[in-house]
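Whatever order the structure lists them in is the order used to number ligands and atoms, beginning at 1.
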Amino acid sequence: MKPKSGIDQSVLSPHSPHVRLLQRRLFLKQAMSVGGLSLLSGCGFTDAESVQRALSAMSRWNDEVQAALFRLNRLAPTYPESAITQPFPFNAFYSESEAPVVDARMYHLELSGLIRDKKPWTLAELYALPQSSQITRHICVEGWSAIGKWGGVTFKTFLERVGADLTAKYVGFKCADDYYGSIDMPTALHPQTLLTFTFAGETLPTKYGFPMKLRMPTKLGYKNPKHIMAIYVTDAYPGGYWEDQGYSWFGGL
Ligand SMILES: Nc1nc2c(c(=O)[nH]1)N[C@H]1C(S)=C(S)[C@@H](COP(=O)(O)O)O[C@H]1N2
Ligand SMILES: [Mo]
């Protein structure tokens, strides 16, 4: 018979499937005793359910599992106009004067991969899609954050419009500079993920990514591609400019 409180030994057994799964998922395969885990969870493992809860908590440290647990409806905070940071900082792997200048009249957004309608889009066509705006905080791993207002089309609306395979794993981006990147599909479909064409109510300036920046308030700054030239949908891991140098691929907040 199980004691009313305290630890159910069958759950704690190192041969229990829960514990083995937990051990496999430990961040960087850190050696940690089951005792240590129960301390972290704030309560003893009294049943399979609490093991499951602790397991979910541990898993957040793993990129792949992070993506799997990403909750579609968890919204990033939004702010009033009065909170907007002025001037908004510029950042890239080069200086502001070197930001790529994209010719609006020649521009076509290229589409490839798991997308039904791969017709390239002009800016006029993109601007004709339903637009909304959002005031959110951009957080850069270099140690600054700033609040800005971006406007554009909900990325989900765009992906649906072009017939993207929404069950695919990744959406990838090629930019007018050497930057490239990719995101998980749940983030691509998040209601606050916008393909933006304006900043502070004006056409997105060159420094902030003309002609468009994918704005994701649920991701760190380096995950938000500026100067997007091409978008593709794929199941093959595409990596990214910073990610391929060791930054976290999920890069979530
Ligand atoms: N194409 C491109 N996108 C990019 C970058 C870049 O160098 N090139 N830098 C990233 C980083 S690290 C940050 S913090 C933000 C900066 O955006 P901002 O200039 O609008 O502040 O853009 C991100 N997107
Ligand atoms: Mo950044």
Side-chain angles (χ1 to χ4, degrees), residues 63 66 76-79 81 83-104 106-112 120-121 123 126 131-153 155 158 170-184 187-188 190 192-232 238-253:
D63 257 7
Q66 248 196 99
T78 56
Y79 300 86
E81 298 262 350
I84 292 174
T85 306
Q86 272 154 346
F88 192 86
F90 159 86
N91 199 35
F93 60 88
Y94 42 74
S95 66
E96 197 174 313
S97 60
E98 293 167 288
V101 176
V102 174
D103 183 341
M106 302 296 287
Y107 183 84
H108 282 90
L109 175 65
E110 305 288 342
L111 300 179
S112 63
W121 287 65
L123 288 177
L126 289 164
Q131 310 280 308
S132 61
S133 70
Q134 219 165 248
I135 302 173
T136 54
R137 185 185 295 274
H138 172 117
I139 300 170
C140 176
V141 289
E142 285 174 16
W144 55 271
S145 84
I147 294 170
K149 179 178 176 177
W150 290 268
V153 62
F155 198 40
F158 179 73
Y170 309 105
V171 181
F173 305 90
K174 294 174 189 164
C175 302
D177 52 11
D178 286 338
Y179 179 103
Y180 57 99
S182 57
I183 58 169
D184 53 290
T187 298
H190 187 279
Q192 288 177 309
T193 296
L194 298 185
L195 188 59
T196 65
F197 314 109
T198 68
F199 180 78
E202 309 281 341
T203 302
L204 200 67
T206 293
K207 62 179 173 180
Y208 299 142
F210 183 85
M212 73 193 71
K213 172 180 188 169
L214 189 76
R215 179 65 197 132
M216 296 172 281
T218 57
K219 292 282 195 203
L220 288 163
Y222 68 85
K223 290 296 297 181
N224 292 235
K226 303 194 286 186
H227 312 289
I228 298 170
M229 302 301 281
I231 296 177
Y232 58 102
Y241 181 87
W242 291 112
E243 295 86 337
D244 293 349
Q245 299 175 55
Y247 283 63
S248 154
W249 176 76
F250 193 74
L253 291 169

A.B. asks: In the protein, what heavy atom is nearest to atom 15 (C) of ligand 1, and what distance, to one decimal place, separates them?
C.D. replies: H138 CE1, 3.4 Å
A.B. asks: Is the closest basic N to carboxylate O distance between K223 and D184 below 4.0 Å?
C.D. replies: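 D184 and K223: not salt-bridged.
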A.B. asks: Is there any N or O on F93 that sits under 3.5 Å from an N or O of ligand 1?
C.D. replies: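 Yes, there is a polar N/O contact under 3.5 Å.
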A.B. asks: What are the atoms of ligand 1, with element, lying closer than 4.0 Å to any heavy atom of K213?
C.D. replies: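 By the 4.0 Å cutoff, the relevant atoms are 17 (O), 18 (P), 20 (O).
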A.B. asks: Does an N or O from Y222, backbone or side chain, lie closer than 3.5 Å to an N or O of ligand 1?
C.D. replies: no
A.B. asks: Please work out whether the ring planes of Y208 and F199 are parallel, tilted or perpendicular, with thresholds of 30° and 60°.
C.D. replies: tilted
A.B. asks: Does some non-hydrogen atom of Y241 fall short of 4.0 Å from ligand 1?
C.D. replies: no
A.B. asks: In terms of heavy-atom contacts, does CD of E202 have more than 12 from other residues, nucleotides or ligands at under 6.0 Å?
C.D. replies: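 Not more than 12 within 6.0 Å, no.
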A.B. asks: Taking all non-hydrogen atoms of both residues, which atom of P211 and which atom of Y107 are closest, and how far apart?
C.D. replies: CG-CE1, 3.4 Å
A.B. asks: Backbone, side chain, both or neither: what part of A92 comes under 4.0 angstrom of ligand 1, heavy atoms only?
C.D. replies: both
A.B. asks: May I ask you to check if ligand 1 and N224 share an N or O to N or O distance below 3.5 Å?
C.D. replies: yes
A.B. asks: May I ask you to check whether P89 has an N/O atom sitting below 3.5 Å from an N/O atom of ligand 1?
C.D. replies: yes
A.B. asks: H227 versus ligand 1: do any nitrogen or oxygen atoms come within less than 3.5 Å of each other?
C.D. replies: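 It does not: no N or O of H227 is found under 3.5 Å from an N or O of ligand 1.
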A.B. asks: Does the cation-pi check pass for K174 over Y232, that is, NZ or CZ under 6.0 Å from the six-membered ring centre and within 45° of its axis?
C.D. replies: yes
A.B. asks: So which heavy atom in the protein is nearest atom 16 (C) of ligand 1, and how far is it from that ligand atom?
C.D. replies: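 Of every protein heavy atom, N91 O, 3.4 Å lies nearest to atom 16 (C) of ligand 1.
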A.B. asks: Name all residues meeting the side chain to side chain donor-acceptor pair (under 3.5 Å) criterion together with T206; count only those two or more places apart in sequence or in a different chain, and write none if there are none.
C.D. replies: none
A.B. asks: Where on E142 is there a heavy atom closer than 4.0 Å to ligand 1, on the side chain, on the backbone, on both, or on neither?
C.D. replies: neither
A.B. asks: Could you see which bit of Y247 sits under 4.0 Å from ligand 1, with heavy atoms only: side chain, backbone, both or neither?
C.D. replies: neither
A.B. asks: Do any nitrogen or oxygen atoms of K226 lie less than 3.5 angstrom from nitrogen or oxygen atoms of ligand 1?
C.D. replies: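 Between K226 and ligand 1, an N or O pair is found under 3.5 Å apart.
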A.B. asks: Nearest 0.5 angstrom please: K219 NZ to L214 CG, how far?
C.D. replies: 10.5 Å
A.B. asks: Distance alone, cut at 3.5 Å: any donor-acceptor contact between the side chains of D178 and Y94?
C.D. replies: no
